S.K.: 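Just dropping this structure here.
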Amino acid sequence: MTGTPVGGRVATAANPLRCAVLISGSGSGMEAMVKAQQQHDLFHTTSVVISNRSEAGGIQLAKKLGVKVELVLPPNDAENTRTSHEDLIMQILQQYDIEFVVLSGYMRLLSPHILESWGGRIVNIHPSYLPHFPGAHAHRDVLASGARLTGCTVHMVDEGMDSGVVLAQETVPVLSSDDESSLSNRVKVEEHRLYPRVLSWIAQGFVTIKSGKVHLDVPQVPQND
């Protein structure tokens, strides 16, 4: 194996990669991730869930799963709210000795401020087959376009909108009977399978930085989900 693992090290089941999961909503993806971690000997664990919204349904889900939760509301009286908010998040990442950041339905675009420290150590899942239909309304945009195929994408996070290096994708057919809800539900099935698998690749050192570029070198053998 060559290159530097994006997780910083090659983890083990006994010493898993310590992750923070950032959420803004229902937390279904986070729930699927944590359940996979708790039910299997994966090389990654969720040390803390961070939410930017007090009403996020994922907060109670995380608590029921026994995961620590931190609420970090964006300040409304700071001169630079994005920077101030991200400073608070980075303090929590340090407090929990986090090694890797997992975005799961997190509805804030990260700024260069946090990416200066955490760039290359943040991953996101998007509910479309990127580069098609980036942004916050992927399912609506898919249906409006008349596309017959969509999917989900796990990608590294950079300063753009869903523009980071793609690590893995799955396709999902768009049915003539679909509305946003039904399409979202079927895409989520694939998201919940794909995300823990890709994070396992990261924890096992199969995603590396070589000469400033991200490389994915997964052995052609079955991986634990």
Side-chain angles (χ1 to χ4, degrees), residues 4-12 15-34 37-38 42-126 136 154-165 167 195-196 198-199 202-203 205 207 209 214:
T4 303
V6 298
R9 65 181 175 93
V10 176
T12 65
N15 185 19
L17 191 70
R18 298 182 299 279
C19 300
V21 179
L22 274 59
I23 65 171
S24 295
S26 68
S28 64
M30 173 275 299
E31 180 185 30
M33 177 74 73
V34 173
Q37 292 166 339
Q38 293 179 345
L42 301 187
F43 287 21
H44 50 89
T45 188
T46 299
S47 299
V48 62
V49 169
I50 300 173
S51 177
N52 66 308
R53 297 175 66 241
S54 59
E55 66 271 28
I59 292 175
Q60 293 304 317
L61 288 179
K63 290 180 178 179
K64 288 180 181 178
L65 290 166
V67 179
K68 296 287 187 180
V69 176
E70 297 285 351
L71 181 62
V72 185
L73 299 178
N76 55 20
D77 57 350
E79 185 174 331
N80 188 332
T81 57
R82 287 184 75 188
T83 298
S84 300
H85 185 247
E86 290 175 348
D87 280 339
L88 294 173
I89 290 174
M90 286 191 284
Q91 289 175 17
I92 291 172
L93 299 180
Q94 183 177 18
Q95 175 186 339
Y96 284 86
D97 197 21
I98 297 301
E99 299 174 284
F100 203 77
V101 175
V102 179
L103 307 186
S104 184
Y106 188 65
M107 302 306 292
R108 287 175 66 89
L109 189 64
L110 299 182
S111 79
H113 178 65
I114 192 169
L115 292 174
E116 286 177 5
S117 298
W118 284 87
R121 291 189 288 163
I122 307 176
V123 72
N124 181 48
I125 191 162
H126 181 72
V154 177
H155 64 92
M156 301 299 297
V157 173
D158 60 15
E159 296 177 18
M161 175 70 74
D162 303 317
S163 59
V165 174
L167 299 180
Y195 218 1
V198 175
L199 200 54
I202 291 168
V207 184
I209 301 290
V214 177

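Excluded from the calculations below are hydrogen atoms, water molecules and symmetry mates; all remaining heavy atoms, backbone and side chain alike, are included. It should be emphasised that the depicted structure is a prediction, and the values quoted were computed from it without experimental measurement.
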S.K.: Measuring from atom CD of E86 to atom OG of S117, what distance do you get when rounded to the nearest 0.5 angstrom?
M.R.: 10.0 Å
S.K.: Any donor-acceptor pair under 3.5 Å linking the side chain of E99 with the backbone of R9?
M.R.: no
S.K.: How close do C19 and H44 get, heavy atom to heavy atom, and via which atoms?
M.R.: SG-CB, 4.2 Å
S.K.: Mind checking side-chain contact (heavy atoms from CB on, under 4.5 Å) for L88 and listing every partner two or more places apart, or none if nothing turns up?
M.R.: V72, Q91
S.K.: Measuring from M30:CE to L22:CG, what's the distance to the nearest 0.5 Å?
M.R.: 11.5 Å
S.K.: Keeping to residues at least two apart or across chains, list the salt bridge (charged side-chain N to carboxylate O under 4.0 Å, His left out) pairs with something in residues 19-33.
M.R.: E31-K35
S.K.: In Å, rounded to the nearest 0.5 Å, how long is the span from CG of L73 to OG1 of T81?
M.R.: 12.5 Å
S.K.: Indicate the atoms forming the closest heavy-atom contact of A62 with V69, along with that distance.
M.R.: CB-CG2, 3.5 Å
S.K.: Could you tell me whether the side chain of R18 and the main chain of Y96 form a donor-acceptor pair under 3.5 Å?
M.R.: no
S.K.: Between W118 and I98, is a side chain to side chain contact (heavy atoms under 4.5 Å, CB included) present by the stated rule, with each step listed?
M.R.: CA-CA 11 Å; W118 284 87; I98 297 301; 4.1 Å; yes
S.K.: Return yes when atom CD of E55 has more than 12 non-hydrogen atoms of other residues, nucleotides or ligands closer than 6.0 Å, and no otherwise.
M.R.: yes
S.K.: Got I209 and V214 here, is their nearest side-chain heavy-atom distance under 4.5 Å?
M.R.: yes
S.K.: Compare every heavy atom of L167 with every heavy atom of I202, then report the nearest pair and how far apart it is.
M.R.: CD1-CD1, 4.1 Å
S.K.: Does the H113 side chain pair with the main chain of D87, one donor and one acceptor, at a distance under 3.5 Å?
M.R.: no
S.K.: With sequence neighbours excluded, what pairs up with T12 under the side-chain contact (heavy atoms from CB on, under 4.5 Å) test?
M.R.: A14, N15
S.K.: Holding to side-chain contact (heavy atoms from CB on, under 4.5 Å), I want the full list of residues that pass it with S28, two or more places apart in sequence or in another chain.
M.R.: S26, K188, H192
S.K.: Could you tell me which non-hydrogen atom of F100 sits nearest to which non-hydrogen atom of G120, and how far apart they are?
M.R.: CE1-O, 4.2 Å
S.K.: What pairs meet the salt bridge (charged side-chain N to carboxylate O under 4.0 Å, His left out) rule with one or both residues in residues 107-121, with sequence neighbours excluded?
M.R.: none
S.K.: Please find the pair of heavy atoms, one from L93 and one from A20, that lie closest to each other, and give the distance.
M.R.: CD2-CB, 3.6 Å
S.K.: Where do V10 and P5 come nearest, in terms of heavy atoms and distance?
M.R.: CG2-CG, 4.2 Å
S.K.: Is any side-chain heavy atom of L103 less than 4.5 Å from a side-chain heavy atom of L110?
M.R.: yes
S.K.: CG of L42 to CG of L199: how many Å apart, nearest 0.5 Å?
M.R.: 8.5 Å
S.K.: Which distance, rounded to the nearest 0.5 Å, do you find between the CD1 of I59 and the CD of E70?
M.R.: 10.5 Å
S.K.: Give every donor-acceptor pair under 3.5 Å between a side-chain atom in residues 45-52 and any protein atom, sequence neighbours left out.
M.R.:
unit_1 : atom_1 : unit_2 : atom_2 : d
T46    : OG1    : Q37    : OE1    : 2.8
T46    : OG1    : Q37    : NE2    : 3.4
S51    : OG     : R53    : N      : 3.1
S51    : OG     : R53    : O      : 2.9
N52    : OD1    : S24    : OG     : 2.6

